[in-house]
Protein chains: 2
Amino acid sequence: MAHAVHAQRMSKLMLKTLRDDPADAETASHKLLVRAGYVRRSSAGVWTWLPLGKKVLENVSRVVREEMDAIGAQEVLLPALLPREPYEISGRWDEYGDLLFRLKDRKGADYLLGPTHEEIFTQTVKDQCTSYKDLPVILYQIQTKYRDEARPRSGVLRGREFQMKDSYSFDTTDEGLAESYRLHREAYQRIFARLGMDYRIVSAVSGAMGGSASEEFLAPAAAGEDTFVDCPQCDYAANTEAYTITVPPVEGESHGPVEELDTPDTPTIETLAEHLGVPASATLKNLLVKVDGEITAVGVPGDREVDLGKLAEHLAPATVELVTAEDFADRPDLVRGYVGPQGLAGTAFRYLADPRVAPGTSWITGANKQDTHARNVVCGRDFEVDQYLDVTVVEPGDPCPRCGAGIELDRAIEIGHIFQLGRKYADAFQLDVLGQNGKPVRVTMGSYGIGVSRAVAALAEQTHDESGLCWPREIAPADVHVVAAGKALQTELALEVGDKLAAAGVRTLVDDRAGVSPGVKFTDAELIGVPTILVVGRGAKDGLVELKDRKTGEREELTVDAALARLTA
Amino acid sequence: MAHAVHAQRMSKLMLKTLRDDPADAETASHKLLVRAGYVRRSSAGVWTWLPLGKKVLENVSRVVREEMDAIGAQEVLLPALLPREPYEISGRWDEYGDLLFRLKDRKGADYLLGPTHEEIFTQTVKDQCTSYKDLPVILYQIQTKYRDEARPRSGVLRGREFQMKDSYSFDTTDEGLAESYRLHREAYQRIFARLGMDYRIVSAVSGAMGGSASEEFLAPAAAGEDTFVDCPQCDYAANTEAYTITVPPVEGESHGPVEELDTPDTPTIETLAEHLGVPASATLKNLLVKVDGEITAVGVPGDREVDLGKLAEHLAPATVELVTAEDFADRPDLVRGYVGPQGLAGTAFRYLADPRVAPGTSWITGANKQDTHARNVVCGRDFEVDQYLDVTVVEPGDPCPRCGAGIELDRAIEIGHIFQLGRKYADAFQLDVLGQNGKPVRVTMGSYGIGVSRAVAALAEQTHDESGLCWPREIAPADVHVVAAGKALQTELALEVGDKLAAAGVRTLVDDRAGVSPGVKFTDAELIGVPTILVVGRGAKDGLVELKDRKTGEREELTVDAALARLTA
């Protein structure tokens with residue numbers, strides 16, 4: 001049953017634009033999506049999508065759905081209200097900590113609001129698939145997710161209730177998983193290209209999810225909460241956790257013997273470098289930690305910081321703690337502020353070091369005596385390294401591992417994540433299918449996410465200008481925004497043009513509001529950010545209208561017919 | 001970016017049909033939706049929609065969306081996770097009792113999972129609309145709702161997490177509300193007609209929602225949890241709560257004087273009627289209750305039951321309780337089992353009565369003495385009725401208020417509800433807009449719901465047969481189900497035909513599964529319930545296929561080209 005198609009009239013649209021930024025808004029997308037009437041805050045990190053916002057959200061969902069369908073993924077809809085048991089089996093009921101919204105039903109049974117659905121998809125496939133012939137299978141849903149963020153902020157960029165596309169692949173072989181991963185990677189490239197998103201694919205170290213190959217899709221934006229390594233010379237880009245330094249080989253060089261230096265009151269690198277008048281990079285900093293309770297030292301150049309997160313990631317599942325005053329009290333051989341590896345590395349403690357502490361390099365470091373340091377302490381001659389680890393904080397200018405140029409650190413929004421989970425969940429839920437040889441085969445999985453509501457905010461961040469939002473056409477709430485700037489003549493013509501465009505399949509918004517000045521209408525049109533603005537103004541009596549490109553600001557006056565022909569071409 | 005269109009191959013579809021009904025399933029829709037692989041239970045009353053089920057759910061949503069858009073309703077998306085405060089203001093935080101899923105966030109703040117969204121829509125409009133010029137407005141969403149049902153059952157017919165379309169209208173005048181209500185009523189008629197639903201519109205008494213005009217859309221089905229009054233002679237239909245009896249005028253008739261009867265051990269109507277050898281309808285039953293603590297009697301013919309729910313509804317906001325042994329102990333004038341209104345009605349207690357207890361009618365009733373009844377107790381002569389109330393349980397054969405024929409009581413599923421809320425929520429939230437005269441006007445609201453996931457189950461209930469599901473075309477998961485019944489020749493032709501149909505825009509499923517017998521494929525096709533089945537079998541070598549109508553079972557053999565022409569016409 002077809003209904004007559006009309007343009008959306010702004011006189012009938014529930015829309016209240018605001019001139020002022022919301023008091024708590026810090027990012028452009030938060031300010032503009034609220035001011036232009038796309039979203040309104042319901043509670044902290046929980047948002048209502050108003051009519052224009054719902055259209056944009058739906059457009060993003062449609063693109064995602066089409067590209068997921070195109071790789072043969074099957075759409076399903078899982079509940080958001082989930083029982084505790086499967087999350088106990090995976091361990092995530094506890095691991096998620098305060099991030100998980102937990103609740104009880106009337107009978108006192110425990111439930112949670114799904115943050116992601118690995119457990120339930122695994123159970124679903126265990127129920128539905130029994131043979132290798134049933135695989136591979138890729139399932140996806142576009143659904144509401146919940147995370148009780150400690151500091152929900154930046155509007156819909158990081159909410160506590162949000163829309164996400166999550167998909168999961170199930171294969172019997174590693175090659176199959178690699179293929180499902182490749183299909184997703186390519187689908188994501190098409191999705192973000194269609195959305196008009198500027199993005200980078202960076203290799204990522206898995207976080208709490210556990211697993212192997214993993215890449216993030218990052219949208220560079222000042223408002224982003226993620227920092228990534230970007231090479232200005234080549235196409236290298238990486239999550240800071242995934243960046244690896246390259247150390248040039250050390251030239252054979254002879255060093256003098258170890259020599260003690262009287263360095264009173266220099267327990268920090270800063271005080272030491274100043275006292276000796278040497279750069280911090282000439283000194284060797286030895287950070288003491290306890291790895292599963294055992295004292296361990298981490299040696300890095302004095303100008304570098306140890307990233308404790310990276311260190312913990314490298315040493316997992318061992319626990320890593322900083323040493324305390326009591327630990328020093330128990331170990332008089334370790335002189336706080338004056339520890340050096342010479343004579344101790346490998347005996348008093350395990351010695352881990354940054355790759356820059358390469359064999360043949362010479363350092364100023366603690367002499368293991370109060371108020372005393374040593375110089376000419378040579379790696380490989382005066383101490384040995386038990387294990388090299390890349391655990392320093394990345395800094396701008398560090399070498400690109402691909403071309404050697406100084407890298408940059410940029411801010412970005414994580415808009416997608418693809419991840420070879422492997423058999424972690426299949427093991428937890430004993431997900432086997434009957435193999436070709438008649439024996440059970442453990443299934444291997446991938447998990448893949450796109451933040452659908454977040455993508456809306458990321459696009460707003462990337463495409464807005466000082467006048468307002470400025471949507472790529474594919475996700476804009478309309479193709480054309482017709483502004484009736486004048487009296488009855490202009491309004492009538494605007495409505496006529498709008499309905500003709502709508503009848504031709506052009507998504508059209510007509511600002512037919514009575515008692516609203518042309519100036520306010522222009523300002524609202526710029527704020528709302530539909531890609532083409534058609535102004536019906538003074539020229540209307542001569543059958544002329546103005547077309548304006550929202551992004552470039554280019555204007556052109558032409559006849560109504562020419563404008564219609566252009567826009568429906 | 002267009003993608004090549006292919007038929008959905010069952011060899012790639014995640015689908016496991018079951019031969020046996022799930023152990024806990026009682027209704028046809030529950031059994032068949034599970035057996036045909038549309039849904040799977042996640043936890044009590046919480047369901048996963050598998051690929052075929054998601055398609056049907058999406059088709060229902062699309063029809064609803066198109067018809068809501070056609071009446072100018074604007075789609076939004078409100079959160080499911082809602083703060084406590086607005087529900088405190090409306091009183092529903094408490095009123096909902098155990099039906100509400102409640103939870104706390106990491107800071108201990110109270111939240112709920114939305115059962116319906118009157119409060120939040122009211123707040124949204126208060127935020128967005130300031131003038132009578134901004135109204136009327138109709139907003140809707142298709143969204144996940146939550147109700148912690150005590151006995152979730154019947155599959156997706158009554159879930160604890162479910163999909164619902166809820167809409168809300170906002171007007172400044174009663175006439176405006178009536179018009180928004182009419183628009184919804186007509187949209188609902190179009191929606192249910194398009195869905196292929198057999199439905200009745202019945203007037204309904206509002207439940208916990210409070211308000212005035214209200215109608216329910218009921219889908220007659222044996223599995224329904226609602227009973228409604230249906231006239232077999234005319235088009236009268238009503239919710240049992242809304243049915244009103246019509247009492248023929250009592251002919252002027254003279255009755256003898258009140259006469260006492262010795263009726264030992266007859267404290268119930270049953271024992272009394274048997275003892276006296278009269279029909280129960282000749283006796284007057286007096287039910288004693290406390291209304292706000294005051295003893296009140298309700299007189300109904302002895303063959304009728306009082307519907308305590310109806311009684312409470314009529315007397316709200318007063319509380320209604322049954323009298324206890326202590327109450328009798330306090331009131332020696334009330335002889336338990338032998339109460340009559342004569343001499344007591346209007347003095348010892350307020351006397352409410354069923355309209356059948358009309359002036360001039362004569363009754364056998366208690367004589368207010370142990371083991372004694374009285375006959376010839378005439379209404380209007382021997383006792384007066386303080387208030388007539390229609391509070392008896394409706395029974396089959398009761399008179400149709402429109403044509404007088406004996407009504408039937410049928411089971412149905414409530415699939416929609418339209419409701420003039422009036423100013424209840426606008427009062428609670430002080431929702432005013434500036435009126436035409438410059439003074440604030442209180443807004444009047446309507447609320448309207450369609451159970452989207454429930455509609456899927458209701459259609460399954462109404463349209464299935466002994467072989468399986470049997471979908472109306474508009475919501476079927478596909479238009480055509482091609483069965484490859486044979487070897488490579490048949491499979492190749494089936495896929496070719498399927499892809500040609502798909503390319504022509506016909507939604508097509510091809511059963512190309514290898515190693516599955518034609519018999520199993522036929523059984524699965526009947527179970528899945530796509531409206532047209534195209535069998536590629538023995539005739540394939542001669543270019544012949546068979547078309548079968550799932551509903552009527554009609555079969556026809558024709559050439560491939562003729563079949564394609566027929567199906568793409």
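Chain A is the first sequence line, chain B the second, and so forth, proteins listed ahead of strands; every chain is numbered from 1. Every heavy atom of this structure was used, including side-chain atoms; hydrogens, water molecules and symmetry mates were not.
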Participant: Is A150(A) close to chain B through its backbone or its side chain, or both, or neither, when contacts mean heavy atoms under 4.5 Å?
Facilitator: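 Both parts, backbone and side chain.
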Participant: With a 4.5 angstrom heavy-atom cut-off, is it the side chain or the backbone of E75(A) that approaches chain B, or both, or neither?
Facilitator: both
Participant: Using non-hydrogen atoms only, which part of L15(B) is less than 4.5 Å away from chain A: side chain, backbone, both, or neither?
Facilitator: backbone
Participant: Is there a side-chain contact between V125(B) and M14(A) in this structure, where contact means two heavy atoms from C-beta onward sitting under 4.5 Å apart?
Facilitator: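 Side-chain contact under 4.5 Å: yes.
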Participant: Shorter than 4.5 Å, heavy atoms on both sides: which option in K133(A), K16(A), Q128(A) has the most such pairs with chain B?
Facilitator: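 When all of K133(A), K16(A), Q128(A) are compared, Q128(A) has the most.
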Participant: Taking side chain as everything from C-beta outward and backbone as N, CA, C, O, which of these in L100(A) sits under 4.5 Å from a heavy atom of chain B? Side chain, backbone, both or neither.
Facilitator: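 Interface part for L100(A): neither.
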Participant: Do R160(B) and D105(A) sit within salt-bridge range, that is, some charged N less than 4.0 Å from a carboxylate O?
Facilitator: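 Salt bridge: yes.
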Participant: In terms of heavy-atom proximity below 4.5 Å to chain B, should D69(A) be classed as side chain, backbone, both, or neither?
Facilitator: neither
Participant: Measuring from atom OG1 of T48(B) to atom CG of D127(A), what distance do you get when rounded to the nearest 0.5 angstrom?
Facilitator: 9.5 Å
Participant: Examine whether an atom of Q123(A) lies under 4.5 Å from a heavy atom of chain B, and if so say whether it belongs to the side chain, the backbone or both; otherwise answer neither.
Facilitator: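 It is neither, since no heavy atom gets under 4.5 Å.
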Participant: Highest number of heavy-atom pairs under 4.5 Å with chain B: which of L103(A), L78(A), L113(A), D148(A)?
Facilitator: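 Greatest number of close heavy-atom pairs with chain B: D148(A).
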Participant: How many angstroms lie between CZ in R102(A) and NZ in K104(B), if you round to the nearest 0.5 Å?
Facilitator: 15.0 Å
Participant: Quick check on R40(A) against chain B: is it the side chain, the backbone, both or neither that has a heavy atom closer than 4.5 Å?
Facilitator: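 R40(A) touches chain B through side-chain heavy atoms alone.
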Participant: At a heavy-atom separation under 4.5 Å, does A80(B) approach chain A through its side chain, its backbone, both, or neither?
Facilitator: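 Its backbone and side chain both get close to chain A.
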Participant: Measure the shortest side-chain to side-chain distance between T124(A) and L50(B) over non-hydrogen atoms and say whether it is less than 4.5 angstrom.
Facilitator: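 Yes, at least one pair of side-chain atoms sits under 4.5 Å.
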Participant: Between C129(A), G53(A), P83(A), which shows the greatest number of heavy-atom pairs under 4.5 Å with chain B?
Facilitator: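 Most heavy-atom pairs under 4.5 Å with chain B: P83(A).
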